[in-house]
Amino acid sequence: QVQLKESGGGSVETGNSLRLSCVASGLTTRGYNMGWFRQVPGKHREGFSMIDSNGNPSYADSVKGRCTISRDDDKNTLYLQMNNLEPEETAKYYCAADNWKTAAWGLQHGGNGFAYWGQGTQVTVSA
């Protein structure tokens with residue numbers, strides 16, 4: 001079965017860093033647009049950062065230059081380096097992949113329609 005498994009979340013203090021990972025199984029990430037989405041309870045899921053199958057990254061305005069998305073298709077892994085974290089980054093972060101939906105679509109529509117999703121990893125940033 002296709003599975004995306006996120007890891008790397010946790011609780012950190014403001015200003016610290018985390019690196020999220022998403023390991024795919026049951027598919028090869030090469031050729032997939034992938035990205036990170038986040039959701040706070042009671043709010044809609046929002047696109048956070050995407051990287052297309054060619055390695056071109058894109059970010060939501062809310063990222064504010066503090067995060068870097070990358071991928072290693074040889075490892076079937078997607079990464080999100082999160083630096084200088086602030087409490088506003090507190091959310092559950094989900095990895096998603098699709099071989100058709102574009103990065104722009106993911107950012108604009110919260111990943112709706114993306115084929116594969118992970119279970120999420122919680123990021124909590126305390127003041």
Side-chain angles (χ1 to χ4, degrees):
Q1 294 181 341
V2 174
Q3 184 177 14
L4 304 180
K5 185 173 178 60
E6 304 94 337
S7 62
S11 297
V12 299
E13 296 180 350
T14 298
N16 287 335
S17 300
L18 288 171
R19 189 179 76 159
L20 308 185
S21 299
C22 170
V23 180
S25 60
L27 63 80
T28 55
T29 59
R30 197 179 311 276
Y32 281 80
N33 299 319
M34 303 187 70
W36 293 97
F37 304 83
R38 67 181 183 181
Q39 188 169 25
V40 176
K43 297 183 178 180
H44 289 294
R45 183 180 61 215
E46 64 175 350
F48 191 72
S49 181
M50 301 291 299
I51 185 165
D52 68 19
S53 60
N54 295 316
N56 300 308
S58 57
Y59 302 93
D61 291 340
S62 61
V63 174
K64 300 177 181 179
R66 297 190 302 275
C67 300
T68 301
I69 189 171
S70 61
R71 63 192 297 160
D72 187 343
D73 291 321
D74 291 334
K75 298 181 178 179
N76 261 8
T77 302
L78 175 73
Y79 302 99
L80 182 67
Q81 180 67 45
M82 310 178 74
N83 298 321
N84 195 25
L85 285 163
E86 299 179 358
E88 64 185 350
E89 269 69 65
T90 295
K92 194 168 187 178
Y93 286 76
Y94 297 88
C95 171
D98 196 277
N99 63 359
W100 182 253
K101 296 292 184 183
T102 65
W105 178 271
L107 290 175
Q108 295 173 4
H109 299 94
N112 289 341
F114 269 59
Y116 303 109
W117 290 87
Q119 82 290 343
T121 185
Q122 179 69 37
V123 171
T124 302
V125 184
S126 61

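Quick note: numbers below take in every heavy atom, side chains included, and nothing from hydrogens, waters or symmetry partners. Note that the coordinates shown come from a computational prediction; the quantities given were computed from them, not determined experimentally.
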Which residue, Ile51, Thr29, Asp73, forms the side chain to side chain contact (heavy atoms under 4.5 Å, CB included) with Leu78? Ile51
Check whether any side-chain heavy atom of Trp36 lies under 4.5 Å from a side-chain heavy atom of Cys67, and answer yes or no. no
Please report the C-alpha distance between His109 and Lys101 in whole Å, then the side-chain angles of each, then the deciding distance to 0.1 Å, and finally whether the side-chain contact (heavy atoms from CB on, under 4.5 Å) criterion is met. CA-CA 10 Å; His109 299 94; Lys101 296 292 184 183; over 6 Å; no
Just wondering, do Ser62 and Arg38 contact through their side chains at under 4.5 Å, heavy atoms? yes
Check whether any side-chain heavy atom of Leu80 lies under 4.5 Å from a side-chain heavy atom of Phe48, and answer yes or no. yes
Would you say Val123 and Tyr79 are hydrophobically clustered, going by side-chain heavy atoms of ILVMFWY under 4.5 Å? no
Ignoring hydrogens and angles, tell me if any N or O in the side chain of Asn33 forms a donor-acceptor pair with the backbone of Ser53 under 3.5 Å. yes
Hydrophobic clusters here meaning ILVMFWY residues chained together by side-chain heavy-atom distances under 4.5 Å, can you tell me if Tyr59 and Leu85 are in one? yes
Glu6: which of Trp117, Tyr94, Tyr93 passes side chain to side chain contact (heavy atoms under 4.5 Å, CB included): Tyr94
Ignoring hydrogens and angles, tell me if any N or O in the side chain of Gln3 forms a donor-acceptor pair with the backbone of Ala24 under 3.5 Å. no
Is Pro87 close to Thr14 at the side-chain level, that is, under 4.5 Å between some pair of heavy atoms? yes
Any donor-acceptor pair under 3.5 Å linking the side chain of Asn76 with the backbone of Val23? no
Side-chain contact test, heavy atoms from C-beta onward, threshold under 4.5 Å: evaluate it for Gln119 versus Lys5 and give yes or no. yes
Taking Arg71 for its side chain and Asp52 for its backbone only, find out whether a donor-acceptor pair lies under 3.5 Å. yes
Over 60° means perpendicular and under 30° means parallel, so classify the ring planes of Phe114 and Phe37, tilted if in between. perpendicular
Less than 4.5 Å apart, side chain to side chain, heavy atoms only: is that true for Thr102 and Met50? no
If every non-hydrogen atom of Cys22 is compared with every non-hydrogen atom of Met34, which pair is closest and at what distance? SG-CE, 4.5 Å
